[in-house]
Asks: 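What follows is a single structure, and I will ask about it in a moment.
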Amino acid sequence: MTGLNKGVGKVEVALKWDPSPLGAPSHDLDLIAATYTADDPRGEPAYLVHFDRRAPDGTITLQRHSQTGQGFGADEVLTLEFARIAPAYARVVVGVAIQQGGGRLTFGEVSGTRVLVRDGHDEVAADDFAGVAAATAATVAEFVRQDSGTWRFRPVVQGFDTDPASFSALMGSVGGG
């Protein structure tokens, strides 16, 4: 949190992983943000941000996208600007899905996985997916708009054994609101 009753502000979710072994299919992990309306905070997402997309109003943006895990620093970075999100939206869930194009792949089979959540310059959560090693997708963060209008962050690492398309429909079931 950035201070007493201020809620979260501009948040960055950064995902890292090591490239696949030489000769093996590329490991492709994707950050996904699912945004829910105040009228249906646990139903179908109003919109998704993934694969080089951004929110319709520009408040959630995928800044960096990798299909191999190669390079320095974070492989994927998602930026969320909560002060600018319209009041019609009350909940955002962020997750990570592993593309399954090269055959079934779990977090335990991808080396060097790590997700970091920062609120401004403060690291508020980090995880290495060890607790969901058998999963092919996982939620990592839940953000909920409070009655005061501020947003509250809650780390919520929950694994799923599903493909990326089905995962987006399951993301709303996590967390405690």
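What's counted below: heavy atoms across the whole structure, side chains too, no hydrogens, waters or symmetry copies.
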Asks: Can you name the nearest heavy-atom pair linking Asp119 to Gly7, along with the distance?
Replies: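 It is OD2-O, 4.1 Å.
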Asks: Quick one: list whatever passes side chain to side chain contact (heavy atoms under 4.5 Å, CB included) with Pro21, sequence neighbours left out.
Replies: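 Expected list: Ala24, His27.
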Asks: Hey, quick one: are Val13 and Val124 part of the same hydrophobic cluster, counting side-chain heavy atoms closer than 4.5 Å, chains of contacts allowed?
Replies: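 The answer is yes; both residues are in one hydrophobic cluster.
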Asks: Suppose we screen for side chain to side chain contact (heavy atoms under 4.5 Å, CB included). Which residues come up paired with Ala169, at least two apart in sequence or across chains?
Replies: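 Ala169 satisfies side chain to side chain contact (heavy atoms under 4.5 Å, CB included) with no residue once adjacent residues are dropped.
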Asks: Provide the full list of ring pair (Phe, Tyr, Trp, His ring centres under 6.0 Å) pairs with a residue in residues 124-149, sequence neighbours left out, each pair given once.
Replies: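 Listed once each, the pairs are Phe82-Phe143, Phe107-Phe129, Phe143-Phe153.
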Asks: Between Asp57 and Thr59, is there a side-chain donor-acceptor contact under 3.5 Å, judged purely by atom types and distance?
Replies: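 Short answer, yes.
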Asks: Using salt bridge (charged side-chain N to carboxylate O under 4.0 Å, His left out) as the criterion, list what pairs up with Arg145, not counting sequence neighbours.
Replies: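 For Arg145 there are no salt bridge (charged side-chain N to carboxylate O under 4.0 Å, His left out) partners, ignoring immediate neighbours.
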Asks: Identify the two heavy atoms, one from Val49 and one from Leu62, that lie closest to each other, and give their separation to 0.1 Å.
Replies: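 Where Val49 meets Leu62 most closely, the heavy atoms are CG1-N, 4.2 Å.
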Asks: Any salt bridge (charged side-chain N to carboxylate O under 4.0 Å, His left out) pairs touching residues 132-141, not counting sequence neighbours?
Replies: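 Every pair satisfying salt bridge (charged side-chain N to carboxylate O under 4.0 Å, His left out) with a residue in residues 132-141: there are none.
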Asks: Can you tell me which residue pairs pass the side-chain hydrogen bond (donor to acceptor under 3.5 Å, both in side chains) test with a partner in residues 100-112, sequence neighbours excluded?
Replies: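 Matches after skipping sequence neighbours: Asp18-Ser111, Arg104-Asp161, Thr106-Glu109.
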Asks: Can you list everything that forms a salt bridge (charged side-chain N to carboxylate O under 4.0 Å, His left out) with Glu81? Sequence neighbours excluded, please.
Replies: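 Checked Glu81 against salt bridge (charged side-chain N to carboxylate O under 4.0 Å, His left out); matches are Arg84.
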Asks: What are the two closest non-hydrogen atoms of Val94 and Leu78, and how far apart are they?
Replies: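 Looking at all heavy atoms of both residues, the closest pair is CG1-CD2, 4.0 Å.
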Asks: According to a 4.5 Å side-chain heavy-atom criterion applied to Ile, Leu, Val, Met, Phe, Trp and Tyr, with indirect links allowed, do Leu48 and Val93 form part of one hydrophobic cluster?
Replies: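 Yes.
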Asks: Applying side chain to side chain contact (heavy atoms under 4.5 Å, CB included), can you list everything that pairs with Thr162, at least two apart in sequence or on another chain?
Replies: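 For Thr162 the side chain to side chain contact (heavy atoms under 4.5 Å, CB included) partners, ignoring immediate neighbours, are Ala137, Phe160, Ser166, Phe167, Leu170.
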Asks: Nearest 0.5 angstrom please: Asp28 CG to Ile98 CD1, how far?
Replies: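 Between atom CG of Asp28 and atom CD1 of Ile98 there are 10.0 Å.
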Asks: Partners of Ser168 by side chain to side chain donor-acceptor pair (under 3.5 Å), sequence neighbours excluded?
Replies: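 For Ser168 there are no side chain to side chain donor-acceptor pair (under 3.5 Å) partners, ignoring immediate neighbours.
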Asks: Pro155 and Ala125: which non-hydrogen atoms are nearest, and at how many Å?
Replies: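 For Pro155 and Ala125, the tightest heavy-atom pair comes out as CB-CB, 4.2 Å.
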Asks: Should Arg118 and Glu123 be marked as a salt bridge (charged side-chain N to carboxylate O under 4.0 Å, His left out) after you check the CA-CA gap, both sets of side-chain angles, and the distance that decides it?
Replies: CA-CA 4 Å; Arg118 291 185 191 94; Glu123 184 178 302; 5.0 Å; no
Asks: Is the closest side-chain heavy-atom distance between Asp30 and Val96 below 4.5 Å?
Replies: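 They are not in side-chain contact.
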Asks: What residues, two or more places apart in sequence or in another chain, satisfy side chain to side chain contact (heavy atoms under 4.5 Å, CB included) together with Pro164?
Replies: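 Checked Pro164 against side chain to side chain contact (heavy atoms under 4.5 Å, CB included); matches are Ala97, Gln99.
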Asks: Which atom pair, heavy atoms only, marks the closest approach of Gly159 to Ala135?
Replies: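 So the minimum-distance heavy-atom pair works out to CA-CB, 3.7 Å.
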Asks: I need the full list of salt bridge (charged side-chain N to carboxylate O under 4.0 Å, His left out) pairs touching residues 126-136, with sequence neighbours left out, sorted by first then second residue.
Replies: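 As it turns out, there is no salt bridge (charged side-chain N to carboxylate O under 4.0 Å, His left out) pair with a partner in residues 126-136 once direct neighbours are skipped.
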